[in-house]
Amino acid sequence: MTSSSRRRAKRSKTSSSVDPSTPTSDARNVDLNEAVDEGIQEELARPAGRRKGAGKKTLESSSDLELKDDFEEMNRRLQDIRDLGHQRYEIMKERMAETKKFNEMQEARQMEKDIEFLSKPIDHLQGDALILAQMRRQKIKEKYGL
């Protein structure tokens, strides 16, 4: 095929093929100078399957009910998670209070041991044992501000 035969095979729309009396959706065929009577309003045709005045449905469809049930289930689960989180928080608070009491008891026991060590005589010790005992006494005194 040559290029000239290809050009002839192509179809093109000419102005002679458009009949102005044929109603089309082409906006080029509308006469803008035509007077419009605003007093007469034509009722537009409703698409098939549409009722006049059909508003919001009063009955819920099955899919709406399923969505509502799903939403309520999710809400219950979220509430359960929130309740579990609150219970966990309360348990952690109790454990922290118990740990604090335990640590206070441990510190009290350590203080008793330190006081007992300070009250013992170290005069009978010699050499390294004496030096270690003196160092420990010094640390205890620093710890309690004595």
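Worth knowing before you read on, the calculation uses all heavy atoms, side chains too, and leaves out hydrogens, waters and symmetry mates. Numbers here simply count residues along the sequence, with the first being 1.
Here NZ of Lys113 is found 11.5 Å from CD1 of Ile140. Values are rounded to the nearest 0.5 Å.
For the residue pair Gln79 and Asn75, no side-chain donor N or O sits within less than 3.5 Å of a side-chain acceptor on the partner.
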Run the side chain to side chain contact (heavy atoms under 4.5 Å, CB included) test on Arg77 and Met74 for me, step by step, so that the C-alpha distance in whole Å, both residues' side-chain angles and the decisive distance to 0.1 Å come before the verdict. CA-CA 5 Å; Arg77 287 182 181 181; Met74 287 179 8; 5.6 Å; no
side-chain hydrogen bond (donor to acceptor under 3.5 Å, both in side chains) assessment of Gln134 paired with Arg137: CA-CA 5 Å; Gln134 288 173 340; Arg137 281 183 166 214; over 6 Å; no
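Leu125 and Ile131 end up in different hydrophobic clusters when Ile, Leu, Val, Met, Phe, Trp and Tyr side chains are linked at under 4.5 Å. Two different hydrophobic clusters hold Leu78 and Phe71 under the rule that ILVMFWY side chains link at heavy-atom gaps under 4.5 Å. Met111 and Leu118 fall within the same hydrophobic cluster, where Ile, Leu, Val, Met, Phe, Trp and Tyr residues are linked whenever their side-chain heavy atoms come under 4.5 Å apart, directly or through other members. Hydrophobic clustering (ILVMFWY, side-chain heavy atoms < 4.5 Å, transitive): Phe117 and Ile115 are in one cluster.
Atom CD of Gln126 is surrounded by 12 or fewer heavy atoms from other residues, nucleotides or ligands within 6.0 Å. Residue Asp128 qualifies as open at atom CG: its count of foreign heavy atoms under 6.0 Å is 12 or below. The local environment of NZ in Lys141 is sparse, with at most 12 non-hydrogen atoms from other residues, nucleotides or ligands closer than 6.0 Å.
For Glu73 and Arg76, the salt-bridge test passes: some basic side-chain N is under 4.0 Å from an acidic carboxylate O.
Each of Gln110, Arg109, Glu104 was evaluated against Gln106; a single residue qualifies, Arg109, per the side-chain contact (heavy atoms from CB on, under 4.5 Å) test.
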With a cut-off of 3.5 Å and sequence neighbours excluded, list every side-chain donor-acceptor pair involving residues 90-103.
from   : atom 1 : to    : atom 2 : distance (Å)
Thr99  : OG1    : Arg95 : O      : 2.8
Asn103 : ND2    : Thr99 : O      : 3.4

